[in-house]
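Okay, so here's the structure we're looking at.
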Amino acid sequence: MKAKLKKGFSVDPLKQEFADYFMDWASTYKKGDVNDITYENYLQTHKSIEEYFPGVLVSEITQSMYQRALNKYAENHAKLTTKGFNTRIRASIQHLLDEGKIQKDFTKRAVVKGNGNEKAEKDKFVDYEDYQKLVNYFKDKLDPHFASPTILYIISITGMRASEVYGLQWEDIDFDNQVIHFYQTWNYRVKAGGFKKPKTEAGVRDIIINNETCKILQEFHVQQKELFKDESVTPPHDFICYHPQKGIVSLTSVQDTLNIALKKLDISTPLTIHGLRHTHASVLLYKGIDIMTVSKRLGHASVAITQQTYIHIIKELENRDNNKIKEILNEL
């Protein structure tokens, strides 16, 4: 701990206000270790600590005090957000516990609540019929003059994350073997952009596509090259999804395009861009694709993450399989 104090902690942590301690800890242990987007979550947590633990010293926090503050935070935040808030605080005090600076983990057994604004699980997906409509809609809307339909089309047929699709270049697609070799994302959240490595090793992966998709993308590539040549457009990289005037489009623009599609197709289910990724995965699971294969395709760090994300689908499939087992037994 003394070595770490020299690096970032300027005073005895127990004599600091909790917000100041957390900021020192985040600067020492997280800045430079996590990506900029993730680090923003720590900065936001610091602001919330200032609000919910005003003037409170680290040494003054008890389990009951912490729970009351967590409950107050949960009144204005969804359960998932509250969970992240609690997780980051818990991580910040582990060094104090290891060094015996504090005797008890005040986050232990904390009950994480929320304000009930989480979207219902069903709202994260659309059914297979609507999924087909969306895929065909985006396919018909492919046009090198625009970028959003291309982004949504690729997400819908691959289950890739938006940041992953933003970073795709034409050299990443092996048309002969019908596979996308993915290894880097694009930081679309900042104006300067920039390529980044995936958060985990599992993010680097090969994503299988079919022959029709290859033909569609090859044709799109030809059209894009012709357009960029005619309009003297020179992207900084050989991006697949690039607007000839706007360059890298905002995520808001992509969501707006998705919302227009939902309205035109008369799909009432609220769907986000990430929900389109969820829909792709859920369709594969419903169609009988092994969960391990789906997990690798999505780039999840472990199959446990996939199981947790799609637990409701897994339960439905289990019930379906149980009915099949009964049918088999009845035939004996």
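Heavy-atom basis, side chains included; hydrogens, waters and symmetry copies ignored.
The closest side-chain donor-acceptor pair between Gln255 and Asn259 falls under 3.5 angstrom. Judged purely by distance below 3.5 Å, without hydrogens or angles, the side chains of Gln184 and Glu164 never pair a donor atom with an acceptor atom. Side chains of Thr185 and Ser163: no donor on one and acceptor on the other come within 3.5 Å. Using modelled atom types, one finds a donor on one side chain and an acceptor on the other under 3.5 Å when comparing Gln224 with Trp170. Using modelled atom types and a 3.5 Å distance limit, the side chains of Ser253 and Ser250 yield a donor-acceptor pair.
With a 6.0 Å cutoff to the six-membered ring centre and a 45° limit on the axis angle, Lys287 counts as a cation-pi contact of Tyr128.
His243 pairs by the ring pair (Phe, Tyr, Trp, His ring centres under 6.0 Å) definition with nothing, not counting sequence neighbours.
Each of Ile260, Ile267, Leu152 was evaluated against Tyr137; a single residue qualifies, Ile260, per the side chain to side chain contact (heavy atoms under 4.5 Å, CB included) test. Only one option out of Phe182, Tyr188, Phe195 pairs with Tyr166 in a ring-ring contact (aromatic ring centres under 6.0 Å, His included); it is Tyr188.
Within the hydrophobic cluster formed by Ile, Leu, Val, Met, Phe, Trp and Tyr side chains joined at under 4.5 Å, directly or through other members, Ile208 is accompanied by Val179.
A salt bridge is absent between Lys326 and Glu331; no separation between the charged side-chain nitrogens and carboxylate oxygens falls under 4.0 Å.
Of the possible polar contacts, none joining the Thr213 side chain to the Ile209 backbone as a donor-acceptor pair under 3.5 Å is found.
Under the 30°/60° scheme for interplanar angles, the aromatic rings of His278 and Tyr310 are found to stand perpendicular.
The number of heavy atoms from other shown groups lying within 6.0 Å of NZ (Lys83) does not exceed 12.
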